[in-house]
Number of protein chains: 2
Amino acid sequence: MQHSELGFAPSRSIFHTPTRYALQVLVRLPSDGTYRLARCLAADLELPGPYLAKILQILSQCGILESHRGPAGGFRLHRAPEDITLKEVVVAMEGPEPFGDCLLGHHGGKDGCHCPIRPAWDVLQNQLTAFMAETTLQDLKVSHDLSSISDEPDRPDAVPV
Amino acid sequence: MQHSELGFAPSRSIFHTPTRYALQVLVRLPSDGTYRLARCLAADLELPGPYLAKILQILSQCGILESHRGPAGGFRLHRAPEDITLKEVVVAMEGPEPFGDCLLGHHGGKDGCHCPIRPAWDVLQNQLTAFMAETTLQDLKVSHDLSSISDEPDRPDAVPV
DNA sequence: CTATATTCGGATGACTTAATCCTTTTAATG
DNA sequence: CATTAAAAGGATTAAGTCATCCGAATATAG
C-alpha cells in the first residue's frame, strides 16, 4: 500500500497538540496538593513554556486544574485523579464533538448527515467515548507507575558568566 | 462539561481535508467505466476544484483511480468498488499510520512509547483499522443507496449576458 | 506599602495545511 | 498537422494552528 504526499506531515495523534500537551501534564502531575509552576512543568516535560501556560489556564477555567497567583503560586489538580476522566479533559480541549460529527466531514448534525459510513462510525465513536469516560487520570497513572515530575522548586536558568 | 477555545475551530473529522474529499468523491463515483472530469466532480460535490484535482492525481498514482488525458479524458475507478477498501484510501491519503502511533503524541515507535493509554488505545485502533479493512466502497454505496453524481458531460458555466 | 513572583489576557509572529494559478504534457478530433 | 480539451506538476497565496511576547492583575513577603 503506497501513499503519496500532498503537503502535510504524518499526524502524530488524532488529537490536537494542546490536547496532547494537556494529557501529558495531567498524567504526571502529583496529587499531593502542592502548586507547580507552569515554567517547571514545561521544562520537565520538554514542552513549549508559554504555550503550555495557556493550556493550563484553560484547564483551570474548566475546573480540572486550580491556579494560584503570586509567589508560591502555580497549578495543581482541582480534584482527585480518580475523579477526572480522560473524556472530560479531551472535551475541555477539543470541544463537545472530539471526533467530529461525521467521518467524511458532512455537516448537518446527527440527523442531517446521510453519509454511508455513519452507522458504523457511530458504533466505533461510542466505544471510544465509553473508554474515555471510564478511564481516569488515576487509571493512567497506575497502569504504568508513572514517575511524577520532579520536586525542585525552581532552577534559575543557570546563566553562565 | 464546559470547554474553552484556544484558537482552532471544531474539527469536522479525525481525518485531514484531502482524505475526506477523496472519500466523498470515491463513494459517489459511478463504476460504469466512463471517465469523469475533475471539474465536474468538484462542481457536483461542491468541493474546491483545483484542490480536488490534486487529490485525484494522488489517487491515480496509488492505483485507486485511473486517469486519462486529453479530450474525453478524466478519472474513473481503477478497480471494482468491492475491491477498494476504506483502509486503502485512508492510508493512501494519510500515510501508513492514519491514527498516529500514540494518543499522547509520544514518538519512538511501537516499543519506545511507555505511555499509559497505549494498551487501550491499541485495542481501539485495531478495531478502527479492522473496520476500515473490511469495508469496501461498494459497502458504502449500497448501505444508503447513494445517488451517483450526474451524467452531464459538462456545463460551460453559463455566463449570463 | 513596596518589591517580587506568579498567573492572566491580548497582540503578534512562525509554521503547517488548504487552496489557487499558470505552464507543460498528453491525447483526441477535424 | 493544427486545434482543442483534458490531466500533471510546480510556484504561489490564503487560512488555520502552534507558539511567543509583553503588559496587566494578583498575591506573598519583608
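Computed from a predicted structure; not experimentally measured. The sequence lines fix the lettering, A, B, ..., with proteins before strands; numbering per chain opens at 1.
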| note | In short, ring-ring contact (aromatic ring centres under 6.0 Å, His included) pairs touching residues 29-69 of chain A with sequence neighbours left out are A/Y35-A/H68
| So which pairs with a foot in residues 55-66 of chain A pass salt bridge (charged side-chain N to carboxylate O under 4.0 Å, His left out), sequence neighbours left out? |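 Those involving residues 55-66 of chain A are A/E66-A/R76.
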Once you round it to whole Å, what is the distance between [atom2] of [N] and [atom1] of [X]?
X     : N      : atom1 : atom2 : answer
B/R76 : D/dA7  : CZ    : P     : 14 Å
A/Q57 : D/dC18 : CD    : P     : 17 Å
B/I55 : C/dT20 : CD1   : P     : 11 Å
B/H16 : D/dT17 : NE2   : C1'   : 11 Å
B/L47 : C/dT20 : CG    : P     : 10 Å
B/R36 : D/dA5  : CZ    : C1'   : 17 Å
B/E46 : C/dA19 : CD    : P     : 14 Å
B/E94 : C/dT17 : CD    : P     : 11 Å

| Contact class for B/F75 vs. all strands (heavy atom < 4.0 Å): base, sugar-phosphate, or nothing? | sugar-phosphate
| said: Students often get this wrong, so: under 4.0 angstrom with heavy atoms, is B/A53 touching a base, only sugar-phosphate, or nothing? | reply: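 It contacts nothing in the nucleic acid.
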| Considering residues at least two apart in sequence or located in another chain, which fulfil the side chain to side chain donor-acceptor pair (under 3.5 Å) criterion with B/T136? | B/D139
| request: Using the test side chain to side chain donor-acceptor pair (under 3.5 Å), find all partners of A/R69 that sit at least two apart in sequence or belong to another chain. | output: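 Once residues adjacent in sequence are excluded, A/R69 has no partner under the side chain to side chain donor-acceptor pair (under 3.5 Å) criterion.
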| remark: Under a 4.0 Å heavy-atom criterion, the protein footprint on nucleotides 19-30 of chain D, written with B, S and -, is BB----BSBB--
| query | Looking only at heavy atoms, what is the nearest atom pair of A/M132 and A/V90, with distance? | reply |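 That would be SD-CG2, 4.0 Å.
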| field | Residues in salt bridge (charged side-chain N to carboxylate O under 4.0 Å, His left out) contact with B/E134, at least two apart in sequence or another chain | value | none
| Do the side-chain N or O atoms of B/Q61 get closer than 4.0 angstrom to the phosphate oxygens (OP1, OP2) of D/dG9? | yes
| query | Is the phosphate of C/dT6, meaning OP1 or OP2, less than 4.0 Å from a side-chain N or O of A/S67? | reply |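 Result: no.
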| field | Criterion side chain to side chain contact (heavy atoms under 4.5 Å, CB included) on A/W121 and A/D101, from CA distance to verdict | value | CA-CA 9 Å; A/W121 174 236; A/D101 42 355; over 6 Å; no
